[in-house]
Each structure stands twice: as C-alpha cells, then as structure tokens.
Visitor: 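My questions all concern the structure below.
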Amino acid sequence: MTHESKILSGLNDAQKEAVSHGPGPLLVLAGPGSGKTRVLTHRVAWLVTSGLARPEEILAVTFTNKAAVEMKQRIQNLLGGTGGVRAQTFHSACLYVLRRDSAKIGIDPKFTVVDEEARRELLVKVAKEFRLDPPDAAAAGKAISFAKNCLVGPDEFPKWAAEKTGEGSLLSQKMAEVVSGCGDAVPEVYAAYQEMLKKVNGLDFDDLLFEAVRLFRERPDVARKWAEIWKWVLVDEYQDTNRAQYEWLQLLVKKRRNVTAVGDPDQSIYGWRAADVENILRFKEHFPEAKVVALEKNYRSVPAVTSLADRLIQNNTRREKKTLIPVRPDGGEAQCLSFTNERAEAEFLAEKISALRGGQGLSWSDFAVLYRVNALSRTYEEALAKRGVPYVVVGSVGFWGRREIKDVLAHLRVVVNPRDVVSLRRVCLLQPGVGEATAAQVAALVLAGRPAAEVLSDVAGKPGIGKKARSSLIRLAKTLEVLETGIREKKPAAELCMYAAESTGYMAKLAKDRSEEGQERVANVGALVSAAAEIDASGGVAELLERAALASGDSDDGGGKDAVRLMTLHKAKGLEFHTVFLVAAEEGYLPHYQSSYGPALEEERRLCFVGATRAKDCLFVTWCRERTNWGRTAWNRPSRFLKEMGFEVNSYLETRRLSGTRWTDRIAAEL
DNA sequence: CGTACACTATTTTTT
DNA sequence: ATAGTGTACG
C-alpha cells in the first residue's frame with residue numbers, strides 16, 4: 001500500500017471524497033460525530049503525501065487554542081512530524097502576519113496584545129470621560145467588539161448601526177440589544193478607545209483580525225506575499241466565522257482558491273459575538289465552482305440520541321435539509337426527567353453517575369454535566385462533592401489567566417513595548433506603598449515619551465512620595481533596566497521571568513501568604529518558569545508573551561484528570577462523553593430568557609442540539625419545576641425543546657419518553 | 001496609601 | 001449568594 005492510500009484507508013466514501021479533493025474550493029458539511037477533524041487532518045496529510053502541497057504551504061485555522069493543538073498533534077501522528085504545517089487560531093495567524101508586516105500600515109510591530117482584562121480596564125477609563133459608568137462601558141465595549149468583527153470603524157458606526165437595525169438577522173437582533181444598552185455614546189467612546197489603544201501601542205483581540213484585514217486590503221502586495229506562502233488554507237468550524245475572518249480568508253485565497261471549509265450550520269452558536277452563519281450557508285455563492293461534500297453518518301451516538309437531536313433541529317427554519325444517520329446499533333438510552341427542584345435534580349445526577357460508573361465500568365471522565373449558564377454549576381458541584389464524586393468545573397480561570405502569571409509577565413511586557421502603560425500600571429501597583437495616584441503619575445510621564453526606568457527613578461525622588469514607595473520604585477526601576485538588557489541580549493525567558501518575580505520582591509510577597517491559595521500562587525510562578533523554559537527551546541520572550549496573551553482567556557479543562565466534567569453548552573462543543581446530563585432544560589434557561597424569540601431562539605436550539613449530540617451512549621435531559629437562583633425561588637416551565645425532541649411533557653409529573661425503543665419510567669421513583 | 005467593612009449591583013455564551 | 005465597589009479610618 002502506498003503512503004497515500006494508507007491515508008485514505010479506513011475512511012468512508014464521503015470522507016475519502018473530501019480528503020482527496022484536488023485544488024479548488026471545497027466545502028465539507030459535517031454533522032456531529034461524523035469525523036470532521038479526521039477529514040481535516042487526513043486532508044492535510046493527503047495534500048502533503050500526494051505531492052500537491054509542501055507542508056509549509058498549508059495553513060489550518062481553528063477557533064480555539066485547544067483545537068489548534070489537537071490538530072497539530074493529529075497531523076503529526078499521520079505524517080510523523082508537522083514538517084512546517086501551520087495549525088493555529090485565526091487570532092494567532094493574524095498576529096503572526098501583523099508582527100511581520102504591521103509597520104506597512106503604520107502600526108509599530110512591538111504592539112502589545114491587549115487581553116480581555118486589560119481591555120475592560122481601558123474601556124472603563126475611556127468611558128468615564130463620557131460619564132458612562134462601568135456597566136455602560138461594558139455595553140459600549142460589546143458594541144465596539146461587534147463593530148470591529150463586522151469591519152466597521154468608529155466613523156462608519158452610526159450609519160452602520162442604523163442600517164443594521166430591523167434587518168431581521170441574528171446579527172441585527174444582537175446589535176439592537178447591545179446598542180440599546182448604552183445609547184448613542186458608542187461612536188465617541190469607540191473613537192476614544194481606539195485613540196487610547198494607539199497611545200499605548202496595543203491591539204485588542206478584535207483588532208488582530210480588523211488590522212490584518214486592513215493590511216491585506218491596503219497593501220495588496222503584502223496580501224499577495226502571504227497568499228504565496230499559504231497556498232492551501234483549511235478552516236475548521238467555518239460556521240463560526242465572522243465578517244472579519246471571512247474577509248481575511250477571501251483576501252488570502254481569492255487567487256489560488258485552494259480553500260477547504262469544514263463546518264456545520266446546525267452547530268453555529270456564536271452569533272452573539274458576530275459570527276455569521278451566512279458565511280457557510282453562502283459558500284456556494286462565494287465560490288461557485290466549489291465542491292460540496294456532506295458527512296451525515298454519525299459514528300458517535302446511539303440512534304436514540306441522534307434521532308432526538310435530529311427531530312429537534314428540524315424545527316429551525318433557516319437551514320439546509322440534512323439528516324443524522326446513525327451508524328451505531330441500537331442501545332444506550334435517552335431520557336427526559338423532571339424534578340421538584342434543583343436539589344433533587346442534582347442528587348439524582350450524582351447518584352446516577354456513581355451507579356452507572358460502577359455498573360458499566362466507566363471512568364468519572366466519561367460523564368459530563370452541561371448547562372446553559374455558569375451560574376448554574378453550584379448546585380451540581382455540591383451534590384457531587386457530597387457523594388465524593390470527583391469533578392472539575394471547566395471554565396474557571398486557566399493557567400495563563402491567573403493573576404500571578406499576568407503580574408510576572410507584565411514586567412516583561414513593559415520592557416518589550418515601552419508604551420505599554422497598562423502593564424506598567426499593573427507592575428507599579430504591585431509595589432508596596434504605591435497606589436493609584438503614583439501609578440497614574442508614572443503612566444502619564446511614560447506616555448509623554450520618557451523611558452519607564454527613568455520615570456520611576458524621578459517619581460521616586462519627588463516630594464510627597466512615601467519612604468516605602470520611594471525604595472520600591474527605585475527597586476522596580478533597576479529591575480526593568482536589568483530586564484531590558486536581558487531581553488536585548490536574548491537571555492532565556494525562563495531566567496528573565498525568575499528575575500522579574502524575585503528582584504521586585506513579588507515572590508517574597510506571595511510566599512508570605514501561607515494559605516493554600518497563596519502557596520498555589522508560588523507554585524504557579526514556578527510553573528511559569530518551567531513553561532518559559534520549554535518555550536525557550538524554540539523561541540523566546542516574544543513567543544512567551546504571545547502565547548500568554550492569546551491563551552489568557554483559556555479555561556482550565558482539568559487536563560487528563562479522571563473527574564466528571566461540568567461545563568456550559570458552549571464549552572462542550574467539539575467534545576464527547578459516554579453519558580451526558582443536559583440540565584436545567586427550562587424556559588428561561590434553555591432557551592435563555594434573553595434569547596427566546598426570533599433568530600436568537602434558533603441559536604438556542606442549535607445550542608441544545610450541540611449539547612445533546614455530545615452524548616455517545618446515554619443522554620439525560622432534566623428540568624425542575626422550581627429553581628432557586630440568587631436568593632429567589634422561581635417556577636419554571638419545561639423547555640419547549642423537550643417537546644421538539646419528542647419527549648411528551650404534559651406536567652412535571654409525567655415527563656416521559658414518547659418514542660424509541662425503551663420506555664423507562666423512573667420519574668415516579670425519583671420523586 | 002492601605003485596610004476593613006458595608007453596601008450594591010449582578011447574571012449568557014468568549015477568541 | 002457573591003463579587004466587586006465605595007467609604008471611612010489608621
């Protein structure tokens with residue numbers, strides 16, 4: 001067998017067709033559990049082994065860091081090394097381009113990537129000048145983010161917002177919500193916020209896409225250069241692309257047209273942050289010569305699960321007809337259960353997990369509890385803990401988002417981008433004796449164009465500065481100077497991290513806290529040094545900061561821990577579990593009350609679809625008549641999606657399975 | 001400037 | 001219920 005045919009063996013006909021498609025646009029419509037990632041990775045391997053592409057000519061784009069890592073690993077397994085194939089997120093691909101060419105559109109390539117936390121900080125500061133309070137600032141921030149994702153600048157904003165309203169799309173629905181939340185101050189705040197970003201030489205996440213598009217538009221020669229580098233582009237989760245991502249891709253592939261888009265319109269769940277399902281629905285219009293392959297066979301779930309998911313999604317109007325064809329034989333179960341309150345629901349689930357694990361020889365990590373909103377996790381956590389069931393809540397701040405990690409890295413940021421006063425402020429506030437007032441003084445002087453170390457020494461000498469503050473400012477100035485030389489001489493990032501943490505007294509401060517939390521912080525800084533050492537093997541400080549910025553929002557997924565996973569429906573996308581508990585299937589939660597009409601409702605339905613199709617063997621959809629949220633107890637109606645899935649829901653006592661092979665009535669027993 | 005305490009506003013999803 | 005903000009005092 002040739003290497004090439006080895007890559008095709010074991011694939012079904014549709015998969016083979018997609019994998020071995022030659023040049024030209026290809027759209028793969030891949031239902032849940034149909035081997036989407038498999039097709040993507042095998043296609044990359046096939047392109048290489050067939051000789052059509054060299055590895056370094058291939059760019060595979062994903063939405064999450066996790067998906068990018070997985071993709072890389074699987075390509076590596078197939079090819080025995082990635083050999084230069086780039087698999088990365090949209091944001092990191094754009095960042096890669098901008099670091100090299102941003103000067104061509106007037107952006108200093110040493111710019112800082114402003115993460116969510118820093119962004120909020122800047123927005124609040126800017127909004128204050130317009131007499132907006134923090135909630136209004138947040139609303140304005142949403143509108144700004146939305147606009148950037150739609151490639152709309154501050155000047156075009158008013159006209160665009162007016163046009164958008166009443167358009168009937170999900171995009172316009174979300175936009176209307178956002179704009180109504182903060183009134184007509186948005187354009188001014190937007191402009192001022194951009195001004196501020198420019199001052200500190202920072203780009204936020206949305207800017208990475210926005211500016212990458214601007215670069216390709218304003219400098220066709222640059223676009224051409226990158227199109228020659230990445231001759232083959234593959235996109236995962238295409239249904240989640242927004243306007244900016246779509247445009248960037250167009251500019252990249254318009255000449256060679258070697259674009260592979262893989263996705264499932266029924267799993268588009270990010271409309272609220274400007275993803276536009278139309279991108280995938282109109283692929284054929286954008287690329288008339290495109291080949292379209294549908295992967296409808298579902299290898300993941302038992303028929304009981306696929307059939308109810310299929311029934312549910314048929315209720316969406318704006319979709320292309322497509323079915324889920326189960327490959328697996330009958331078995332497993334899909335049930336709907338109701339409870340008087342969330343306590344009973346949580347107890348049931350904890351008990352059920354223990355029983356199933358023992359009975360079927362499963363691991364804790366074979367179970368997942370999925371809910372619509374994070375706030376719901378608490379009850380389930382308590383019940384699991386009470387029974388001694390190990391669990392992880394996927395969604396808590398991950399490593400790169402931890403305060404201590406960001407604190408240490410802020411020192412390096414200040415040196416790499418001398419105008420980064422956001423990081424400088426952070427670093428100053430860490431010093432004993434230094435507060436808001438002093439930090440602001442320092443920031444103002446640095447923005448006026450003076451080097452940070454010099455400013456710190458100067459401010460330290462000013463009257464009115466306390467003794468404690470004086471000595472710590474001087475110490476900080478020295479640290480920054482040393483880091484500066486260290487970076488110039490390309491010292492290892494690990495060494496510099498260690499130095500930053502130690503010489504500023506930060507480590508000592510952390511170590512003083514003897515609590516478990518405090519000790520964990522110390523350990524995390526140690527882990528940062530190790531991570532830096534790993535990165536030093538292939539890069540340096542720049543790479544470390546890059547990785548930290550882009551991963552700062554990543555949530556802790558529990559690693560390989562054998563524990564039940566608790567997470568939101570959004571976070572469950574792309575995952576699968578033996579048994580899934582889809583909890584709080586109640587009107588108000590699923591669909592969420594803020595999205596219970598119009599196009600947004602359809603997205604809620606897709607969300608429910610995504611949740612249900614995570615289950616391989618068992619699916620339990622549960623709802624409670626009564627739920628206590630923050631102090632208040634409310635009465636709930638069962639989710640309309642239950643009926644749509646085929647469950648008969650007459651009253652809370654009689655929730656039963658309508659059709660299917662097994663008819664179990666455990667409801668009475670549970671109540 | 002830093003801490004302690006009280007009050008209030010908050011809750012959808014996140015690269 | 002809780003986290004985050006604001007105020008008063010050392």
Side-chain angles (χ1 to χ4, degrees), chain A residues 61-68 88-95 113-117 119-120 124 133-136 138-139 141-142 145-146 148-149 170 174 177-178 181 203-210 236-237 240-242 244-245 268-275 370-379 382 394-395 397-398 400-401 428-429 431-440 464-470 472-473 549-555 567-573 584 588-596 600 603-604 606-608 610-611 628-633:
Chain A
V61 223
T62 65
F63 276 82
T64 65
N65 296 310
K66 208 170 126 198
Q88 53 194 166
T89 63
F90 267 105
H91 289 85
S92 91
C94 289
L95 177 55
V113 178
V114 174
D115 69 17
E116 275 307 297
E117 195 189 340
R119 171 175 181 268
R120 219 171 312 130
V124 168
D133 55 2
D136 281 343
K142 265 189 195 172
S145 172
F146 225 84
K148 285 183 182 179
N149 286 153
L170 175 58
K174 290 289 161 191
E177 271 170 37
V178 157
L203 298 189
D204 67 19
F205 285 136
D206 303 319
D207 287 332
L208 294 178
L209 303 174
F210 189 100
D236 193 14
E237 309 277 19
D240 287 330
T241 48
N242 58 35
Q245 288 158 334
S268 159
I269 55 174
Y270 285 104
W272 53 273
R273 62 172 208 220
L370 309 182
Y371 36 79
R372 176 67 232 264
V373 295
N374 277 124
L376 287 168
S377 74
R378 183 163 302 260
T379 323
E382 277 165 11
V394 178
V397 225
W400 299 104
C428 286
L429 290 174
Q431 294 302 324
V434 179
E436 210 58 68
T438 312
I465 299 287
K467 216 164 72 187
K468 202 160 44 159
R470 179 170 307 141
S472 53
L473 284 174
L550 293 176
S552 65
D554 281 8
S555 53
M567 68 186 99
T568 61
L569 290 163
H570 283 88
K571 283 188 190 110
K573 191 165 76 162
Y589 286 104
L590 185 68
H592 192 274
Y593 70 96
Q594 284 180 9
S595 305
S596 54
E603 182 152 301
E604 295 290 303
R606 293 194 289 267
L607 200 45
C608 187
V610 166
T628 308
N629 204 5
W630 54 96
R632 308 221 165 268
T633 302

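Each chain gets a letter, A, B and so on, in the order the sequences are listed, and its residues count up from 1.
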Visitor: Quantified in whole Å, what is the P atom distance between nucleotide B:dT13 and nucleotide C:dG4?
Guide: 14 Å
Visitor: In whole angstroms, how far is the P atom of B:dC1 from the CZ atom of A:Arg470?
Guide: 13 Å
Visitor: Just jot down the side-chain hydrogen bond (donor to acceptor under 3.5 Å, both in side chains) partners of A:Ser145, sequence neighbours excluded, or say none.
Guide: A:Asp206
Visitor: For the pair A:Asp207 (side chain) and A:Phe210 (backbone), establish whether a donor and an acceptor sit closer than 3.5 Å, ignoring hydrogens and angles.
Guide: no
Visitor: Return a single string for nucleotides 10-15 of chain B, one symbol per nucleotide in 5' to 3' order, where B is base contact, S is sugar-phosphate-only contact and - is none, cutoff 4.0 angstrom on heavy atoms.
Guide: SBBBBB
Visitor: Report the relative orientation of the aromatic rings in A:Trp272 and A:His570; use parallel for angles under 30°, tilted for 30 to 60°, perpendicular for over 60°.
Guide: perpendicular
Visitor: ring-ring contact (aromatic ring centres under 6.0 Å, His included) with A:Trp400: which residues, sequence neighbours excluded?
Guide: none
Visitor: Under 4.0 angstrom, heavy atoms only, what part of the nucleic acid is A:Ser92 near: base, sugar-phosphate, or nothing?
Guide: nothing
Visitor: Looking at A:Arg470 and A:Ile465, would you say the former's side chain and the latter's main chain have a donor-acceptor pair under 3.5 Å?
Guide: yes
Visitor: Any N/O pairs under 3.5 Å between the protein and nucleotides 2-8 of chain B? List them or say none.
Guide:
unit_1: B:dG2; atom_1: OP1; unit_2: A:Gly433; atom_2: N; d: 2.5
unit_1: B:dG2; atom_1: OP1; unit_2: A:Val434; atom_2: N; d: 3.0
unit_1: B:dG2; atom_1: OP1; unit_2: A:Val434; atom_2: O; d: 3.3
unit_1: B:dG2; atom_1: OP2; unit_2: A:Val434; atom_2: O; d: 3.2

Visitor: Tell me whether A:Arg606 contacts the main-chain N or O of A:Ser268 through its side chain, where contact means a donor paired with an acceptor under 3.5 Å.
Guide: yes
Visitor: Has A:Gln245 got a side-chain atom pairing as donor or acceptor with A:Asn242's backbone, closer than 3.5 angstrom?
Guide: yes
Visitor: Salt bridge check: are A:Glu117 and A:Arg120 linked by an N-O gap of less than 4.0 Å?
Guide: no
Visitor: Taking side-chain hydrogen bond (donor to acceptor under 3.5 Å, both in side chains) as the test, write out the residues that go with A:Glu436, two or more places apart.
Guide: A:Arg425
Visitor: Distances for protein N/O vs nucleotides 7-10 of chain C N/O pairs under 3.5 angstrom?
Guide:
none

Visitor: Could you tell me whether the side chain of A:Glu604 and the main chain of A:Ser596 form a donor-acceptor pair under 3.5 Å?
Guide: no
Visitor: Using a heavy-atom cut-off of 4.0 Å across all strands, would you classify A:Ala469 as base, sugar-phosphate, or nothing?
Guide: nothing
